[in-house]
Amino acid sequence: MAAPLGGMFSGQLPGPSGAPPGLPGQASLLQATPGAPRSSNSTLVDELESSFEACFASLVSQDYVNGTDQEEIRTGVDQCIQKFLDIARQTECFFLQKRLQLSVQKPEQVIKEDVSELRNELQRKDALVQKHLTKLRHWQQVLEDINVQHKKPAEIPQGSLAYLEQASANIPAPLKQT
């Protein structure tokens, strides 16, 4: 497993056991696209990182802070962001291709991952159901307590003032501080 990952991120082609026959090597997909000024060992991951840094730098650059031409600032930032998004799409495409290769070469691995995801989702949903059941029991108890208090009509005196006096009698008195 170390050989494919090493080739994927260093720009070196993996050994004969690293790439399956008939499929391109991992490094060839991660290598930078030709035509742009890049170092010889540049990979999509390196480009993604540098384009992100360029986006961040353009947002905090002193030139942009002190600049007066808002359109020029907006254009520069838009170009940096667009480059970052393009490289992010290329990186996503690379990993989707690797995922497709994995599903073709080892379909049982994909099934194992799906089963694992389903188990995790079931556990999450079971925990959510338990949380809701706990809340439901609490509120059922509150409603039951209210019903018990209202089922004593003989004890409640007639008249609205008498009802308020009876209801306030059930409220605990404040503690006196000494």
**Request:** Please check if atom CZ in Arg124 has more than 12 non-hydrogen atoms from other residues, nucleotides or ligands closer than 6.0 Å.
**Result:** yes

**Complete:** Value for CG (Leu128) from CD (Glu121), rounded to nearest 0.5 Å, stands at 11.0 Å

**Message:** Quick check on the hydrophobic clustering: are Ile146 and Trp139 connected, directly or via other members, by side-chain heavy-atom contacts under 4.5 Å?
**Reply:** yes

**Prompt:** Hey, quick one: are Leu85 and Val77 part of the same hydrophobic cluster, counting side-chain heavy atoms closer than 4.5 Å, chains of contacts allowed?
**Reply:** yes

**Leu96 CG to Lys98 NZ distance, which is reported to the nearest 0.5 Å** = 12.0 Å

**Item:** Distance (rounded to the nearest 0.5 Å) between His132 NE2 and Lys125 NZ
**Value:** 11.5 Å

**Prompt:** Which heavy atom of Cys80 sits nearest a heavy atom of Ala54, and at what distance?
**Reply:** SG-O, 4.0 Å

**Request:** Go through Glu71 and Arg74 one step at a time and tell me if the salt bridge (Lys or Arg N to Asp or Glu O under 4.0 Å) criterion holds.
**Result:** CA-CA 5 Å; Glu71 191 60 34; Arg74 183 173 290 126; 3.7 Å; yes

**Asked** So which pairs with a foot in residues 102-118 pass salt bridge (Lys or Arg N to Asp or Glu O under 4.0 Å), sequence neighbours left out?
**Response** Arg99-Glu113

**Prompt:** Say you draw a straight line from CG of Asp78 to NZ of Lys83; how long is it, rounded to the nearest 0.5 Å?
**Reply:** 15.0 Å

**Message:** Do Lys135 and Lys131 have side chains that approach each other closer than 4.5 Å (heavy atoms only, starting at C-beta)?
**Reply:** yes

**Request:** Considering non-hydrogen atoms only, spot the tightest contact between Leu44 and Thr91 and give its length.
**Result:** CB-OG1, 3.8 Å

**Request:** List for me each residue that meets ring-ring contact (aromatic ring centres under 6.0 Å, His included) alongside Phe56, sequence neighbours excluded, and say none if there are none.
**Result:** none

**Distance-only polar pair, side chains of Asp46 and Thr43, donor-acceptor under 3.5 Å** = yes

**Cluster link Leu100 to Phe95, ILVMFWY, side chain under 4.5 Å** = no

**Request:** For Asp86 and Gln82, test the side chains for any donor-to-acceptor distance below 3.5 angstrom and give the result as yes or no.
**Result:** yes

**Prompt:** To the nearest 0.5 Å, what is the distance between NE2 (His138) and CG (Leu143)?
**Reply:** 9.5 Å

**Request:** Starting at CZ of Phe84, measure out to CD of Glu47 and round the result to the nearest 0.5 Å.
**Result:** 12.5 Å

